[in-house]
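Report on the following structure.
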Amino acid sequence: MRTSTQPLSSWLALLCALFSLFSLGVAVKENDFKKCHQSGFCKRNRDYADKAVTQGSSWQAPYTIVPSDASFNDGLFHATILKTIDDKGATVELPLTVSFHKSGTARVTVDEKRRQEKDIELRHGSQARKERYNEAEKWAIVGGTTVDVDAKVSHSGEAGIKIQYGPNSAFEANIKYNPYSIEFKRDGSTQLKLNDRGLMNLEHWRPKVDKPAAEEKKEGEENTEENKEESSVEPAGEDESTWWDESFGGNTDSKPRGPESVALDITFFGYEHVYGIPEHAGPLSLKETRGGEGAYSEPYRLYNSDVFEYILDSPMTLYGAIPLMQAHKKDSTVAVFWLNAAETWIDITKSKESLNPLHLGKAKTNTQTHWISESGLMDLFVFLGPTPGDISKAFGELTGTTAMPQEFSIGYHQCRWNYVSDDDVKEVDRKMDRHQIPYDVIWLDIEYTEEKKYFTWDKDMFRDPISMGQQLDAHGRKLVVIVDPHIKNTGSYPVIDELKANGLAVKNKEGKDFEGWCWPGSSMWVDCFNPSAIKWWKSLFQYDRFKGTMENTWLWNDMNEPSVFNGPEVTMPKDNLHYGSWEHRDVHNINGLTFHNATYEALLSRKKGELRRPFALTRSFYAGSQRVGAMWTGDNQANWEHLGASIPMILNQGVSGFPFAGADVGGFFGNPEAELQSRWYQAGAFYPFFRGHAHIDARRREPYLLPEPYREIVTSALRLRYSLIPSWYTAFHEAHQNGSPIIRPMYWTHPNNEGSFGIDNQFFVGSTGILVKPVLEKGKTTEDVYIPDDEVYYNYFSYQKMPTAKGKTLTIEAPIESIPVLMQGGHIFPRRDIPRRSVQLMRFDDYTLVVAVGKDGKAVGQLYADDGDSFDYQNGEYIHRTFRLEGSKIISTDDDGREKSAKQGDWLKNMQEVAIDKIIIVGAPSSWANKKEVQLETEGTQSTVKLEYFEGDTNRGAFAVIGRVGARIGADWTIDLA
């Protein structure tokens with residue numbers, strides 16, 4: 001607690017803030033968060049853009065390259081950009097590097113020579129670094145930057161240089177010297193251009209010049225507009241009012257380095273749709289922000305924030321930031337990744353290209369974007385595709401792909417704030433079993449601790465956490481506990497004592513430990529930019545130190561934006577200092593990743609000799625967070641609108657490289673009606689991360705508390721999820737291999753179908769061909785599903801062949817007990833059909849294969865399996881099969897053709913007994929009606945297997961069942977249907 005000297009006004013302000021956090025039914029107070037005009041650097045750069053637009057063709061961008069200073073060698077272009085800063089021709093030097101990579105990406109970095117050389121003065125005696133922040137790549141970038149030494153100059157002269165690079169030299173960068181710009185082409189066609197409209201603006205350092213105070217108005221002198229102008233201390237030119245300090249919400253930012261923003265316009269030529277830049281609660285296809293029908297009035301903002309009960313259809317910032325934007329048009333996708341960790345705003349506008357009157361085609365749409373960050377380097381990567389899959393793969397190579405998860409983590413998670421005791425947890429566990437409702441994980445929010453002190457247990461309510469963990473373990477289940485980055489600042493608490501003694505806390509601008517307020521009251525924040533802090537953090541999770549935890553205990557990181565209840569915009573002051581003396585303004589959006597990473601590292605080995613895949617959930621994230629865990633979309637509400645918003649938000653995470661994503665099922669705030677809760681479970685069964693969660697003031701809503709028929713409806717959705725765990729796990733493996741989304745929007749799966757580019761309420765699950773259209777509206781009993789191709793589609797549940805047509809919508813009956821799920825012909829996917837109460841108890845069950853026969857009579861699919869826990873898969877301890885229906889045969893082959901290891905681990909030995917139980921062939925031809933047996937060949941033996949054919953009727957489509965097959969899942973086999 002604070003001392004008695006704390007001003008009463010501060011206490012009242014804190015009480016009001018805390019009260020607001022517990023008030024239900026009140027949406028986020030938008031006024032607590034900045035709009036662009038309240039963020040000095042955003043307003044300055046928007047005004048700069050307006051000035052350029054107003055001047056039109058007479059606008060002269062003040063950035064040029066001196067040709068004699070430019071050089072290109074071994075895939076690297078170096079030059080100096082000169083920024084003209086006054087009418088006398090004075091300039092500032094801005095070093096430029098353009099690197100071309102073997103991965104096909106190009107990187108453009110602009111620094112500021114004077115700051116680079118530390119030739120500046122800091123105000124207020126600040127201890128901050130003098131350079132622009134240049135360490136974002138330490139956290140975000142893991143590969144893909146090997147320089148392409150085969151890149152070559154195709155033209156060079158006084159006007160600029162053209163460099164060819166990428167696969168078959170199909171990519172080209174045309175660097176223009178005066179004014180500076182870079183045009184990127186693929187196969188000779190312009191895709192995007194940097195500084196196309198001349199809006200580039202890098203605010204150079206300058207000393208603070210104190211102006212004389214305005215003269216007092218003489219007695220009797222009128223306060224005319226002329227006198228006001230004469231008495232102003234503002235310069236006639238640029239508005240300096242937010243250069244040197246800036247206030248918002250009662251907090252003042254000291255800005256010791258003065259103005260230092262970076263801004264750049266990027267135009268995508270011929271691209272009408274852009275996607276990405278999560279996290280926002282809006283449509284997948286991003287809206288315009290300046291003009292245009294239905295446009296937002298504000299830019300998209302990236303500034304990780306604790307936004308309480310966020311509003312929908314808004315560019316307002318949320319909890320995480322991935323500054324990757326993809327632009328897509330028919331048969332072409334390109335992207336840019338803006339590598340900057342500071343507060344960032346992005347404007348989006350669209351313009352139609354004028355056509356020759358004799359041109360019969362439709363006018364092309366160009367998407368114009370304007371990127372504005374408060375500090376740091378101007379540093380971006382350009383991806384030229386040409387497919388969405390190419391972008392996902394290249395971005396995965398650059399920032400890392402999603403980690404292979406613990407297999408249990410793709411089951412169902414049961415959570416609320418809070419289960420009140422260890423007996424409460426045990427009773428929920430027993431009741432889930434009593435009602436035969438599968439789940440894998442139960443979660444504990446902050447109330448499990450003693451007075452919000454992490455790494456402790458409430459001595460009255462959680463007296464025996466080990467017995468709780470043991471009961472869960474006996475049922476094949478796990479426990480997740482929350483640990484946040486704010487450490488309670490109180491006596492007799494070893495964690496805070498060690499944090500202070502070792503100097504591992506975030507500092508304030510004076511270099512002293514920063515103190516703020518969060519759930520524990522007075523708190524300090526661990527600085528996970530510091531390697532020593534990570535090492536210390538790891539020690540806290542050792543089983544013999546975090547007593548009460550076991551091998552089945554995992555972690556949840558919340559509030560890591562970071563959330564500071566009494567801070568500006570509910571976060572840290574920007575002039576706080578982190579390890580290396582970087583200001584918080586420089587690193588804010590990466591902060592959540594550093595904490596998530598520290599927890600991941602801590603979970604890697606909690607006792608000597610143990611090495612298991614961590615499971616750690618985060619709320620705040622940045623590019624690269626996908627390497628260390630899962631995320632969820634934060635504090636949503638129990639209403640239909642938030643259910644609907646969850647789908648595009650999760651899809652956007654997937655195409656932005658972080659596919660292990662979900663939303664609180666049922667809504668965090670409020671009490672969902674039974675219909676809403678049921679529909680949300682049906683949708684949540686197809687979230688990559690599937691967790692039910694509720695606020696402390698919400699009614700208990702475990703699935704077994706629902707009245708019938710809703711309890712059975714929810715149970716059926718959960719069982720559907722569990723039956724498809726092999727397909728989900730295979731999709732996760734594919735995402736781990738190549739960065740692909742786990743649930744895939746229509747533009748990603750069908751990049752040449754223009755009708756699907758704006759669709760964000762239906763999706764495919766991995767490569768399974770399973771197409772899902774959740775019901776997202778109250779009282780709705782039909783759904784319209786858009787069909788993107790001319791393949792055949794079957795109803796997942798009835799096997800009926802659907803009357804589809806490419807580019808048309810198909811109306812499907814969807815009563816409350818039904819989920820609209822289709823199977824696209826041409827796919828094979830694995831299931832496990834024996835009902836179990838957890839994933840762990842399924843791990844050695846036999847498999848079912850479902851074959852959806854394609855229009856051409858063929859089908860293909862995959863299964864990936866490993867032990868779901870260790871890293872042994874990296875040493876070949878896995879099974880990866882490809883299944884094919886070709887002609888009259890179904891064939892299983894090893895996917896990667898690797899040599900089998902003579903030495904097998906325990907998991908592979910146990911898998912020797914796991915087999916294919918049956919194969920269901922949907923769309924089986926009527927010629928099989930009289931067929932009773934088929935031939936199986938596997939491991940040098942032949943046998944006959946029973947085939948049963950089922951004719952279609954008004955309620956069910958035709959299908960055949962082959963079984964029991966009995967072939968080992970890890971073996972090659974062939975079934976001859978002739």
Side-chain angles (χ1 to χ4, degrees), residues 27-55 59 197-203 225 228-229 232-255 257-265 277 279-282 286-292 294-307 310-311 313-318 321 323 338 340 342-350 368-376 567-571 573-575 585 588-589:
V28 61
K29 295 179 180 178
E30 287 190 78
N31 292 335
D32 289 344
F33 297 88
K34 288 182 180 180
K35 301 291 179 61
C36 179
H37 72 276
Q38 296 168 310
S39 182
F41 75 93
C42 183
K43 182 179 184 300
R44 293 196 301 272
N45 280 284
R46 257 194 164 191
D47 290 346
Y48 186 87
D50 289 341
K51 179 181 178 182
V53 171
T54 300
Q55 292 188 17
W59 170 252
R197 295 179 289 157
L199 307 186
M200 175 175 169
N201 186 32
L202 190 146
E203 293 185 316
E225 289 300 318
K228 283 182 182 178
E229 185 174 336
S232 173
V233 296
E234 295 297 334
E238 296 180 271
D239 175 10
E240 295 186 27
S241 61
T242 56
W243 278 12
W244 313 110
D245 56 63
E246 187 170 357
S247 297
F248 181 82
N251 294 275
T252 298
D253 175 12
S254 63
K255 296 195 177 183
R257 297 188 301 239
E260 54 180 329
S261 72
V262 292
L264 181 68
D265 67 283
I277 58 169
E279 181 181 30
H280 303 95
L286 303 175
K287 289 188 175 184
E288 292 184 81
T289 61
R290 306 199 81 178
Y296 294 137
S297 59
E298 288 287 309
Y300 283 91
R301 190 184 187 203
L302 295 176
Y303 189 64
N304 297 358
S305 301
D306 181 359
V307 183
Y310 54 84
I311 58 175
D313 195 17
S314 168
M316 185 178 178
T317 189
L318 287 179
W338 181 262
N340 192 295
E343 178 186 349
T344 298
W345 301 77
I346 306 161
D347 266 316
I348 300 172
T349 57
K350 298 179 182 181
Q368 301 165 325
T369 64
H370 188 197
W371 300 68
I372 307 166
S373 292
E374 181 177 17
S375 64
E569 299 193 273
V570 202
T571 193
K574 289 182 173 180
D575 49 12
R585 84 181 71 253
H588 175 86
N589 285 347

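No experiment lies behind these values; they were computed from the predicted model shown.
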Residue pair Ser261, Arg44: steps toward the side chain to side chain donor-acceptor pair (under 3.5 Å) verdict: CA-CA 9 Å; Ser261 72; Arg44 293 196 301 272; 4.5 Å; no
Electrostatic pair Arg585:Glu374 at N-O distance under 4.0 angstrom: yes
Backbone of Asp245 reached by a side-chain donor or acceptor of Asp253 within 3.5 Å: no
Minimal non-hydrogen separation, Trp345 against Ser39, with atom names: NE1-OG, 3.6 Å
Sidechain N-carboxylate O distance under 4.0 Å for Arg290, Asp50: yes
Partner set under ring-ring contact (aromatic ring centres under 6.0 Å, His included) for His280, not counting sequence neighbours: Tyr300
Test item: Thr344 side-chain N/O and Ala342 main-chain N/O as donor-acceptor pair under 3.5 Å: yes
Qualifying residues under side-chain hydrogen bond (donor to acceptor under 3.5 Å, both in side chains), relative to Asp32, sequence neighbours excluded: none
For the student: nearest non-hydrogen atoms of Thr571 and His588, plus distance: OG1-CE1, 3.2 Å
Short side-chain donor-acceptor distance under 3.5 Å, Asp347 and Thr289: yes
For Ile346 against Trp371, the heavy-atom pair lying closest together: CD1-CZ3, 3.4 Å
Flag side-chain contact, heavy atom, 4.5 Å: Phe248 against Lys34: yes
Presence of salt bridge, Glu246 and Lys574, under 4.0 angstrom: no
Donor-acceptor pair, side chain of Asn589 and main chain of Ala321, under 3.5 angstrom: no
Gly249 backbone acceptor or donor facing Asn251 side chain under 3.5 Å: yes
Audit row: Asp575, Ser254, side chain to side chain donor-acceptor pair (under 3.5 Å) steps and yes/no: CA-CA 7 Å; Asp575 49 12; Ser254 63; 2.7 Å; yes
Heavy-atom closest pair, residues Ser375 and Val262: O-CG2, 4.2 Å
Closest contact, heavy atoms only, Leu302 versus Ile277: CD2-O, 3.6 Å
Lys43, NZ: over 12 other non-hydrogen atoms inside 6.0 angstrom: no
Polar contact flag, side-chain donor to acceptor under 3.5 angstrom, Glu343-Ser373: no
Intermediate values then yes/no, salt bridge (Lys or Arg N to Asp or Glu O under 4.0 Å), Glu569 and Arg301: CA-CA 13 Å; Glu569 299 193 273; Arg301 190 184 187 203; 2.8 Å; yes
Shortest non-hydrogen contact between Ala52 and Leu199, atoms and distance: CB-CD2, 3.6 Å
Verdict with supporting geometry, Phe41 and Trp243, ring-ring contact (aromatic ring centres under 6.0 Å, His included): CA-CA 8 Å; Phe41 75 93; Trp243 278 12; over 10 Å; no
Donor-acceptor under 3.5 Å (Lys35 side chain, Ser297 main chain): no
Derivation of the side chain to side chain donor-acceptor pair (under 3.5 Å) call for Glu288 and Thr349: CA-CA 5 Å; Glu288 292 184 81; Thr349 57; 5.4 Å; no
Aromatic plane relationship, Tyr48 with Trp59 - under 30° parallel, 30 to 60° tilted, over 60° perpendicular: perpendicular
Arg46 side chain near His37 side chain, heavy-atom distance below 4.5 Å: no
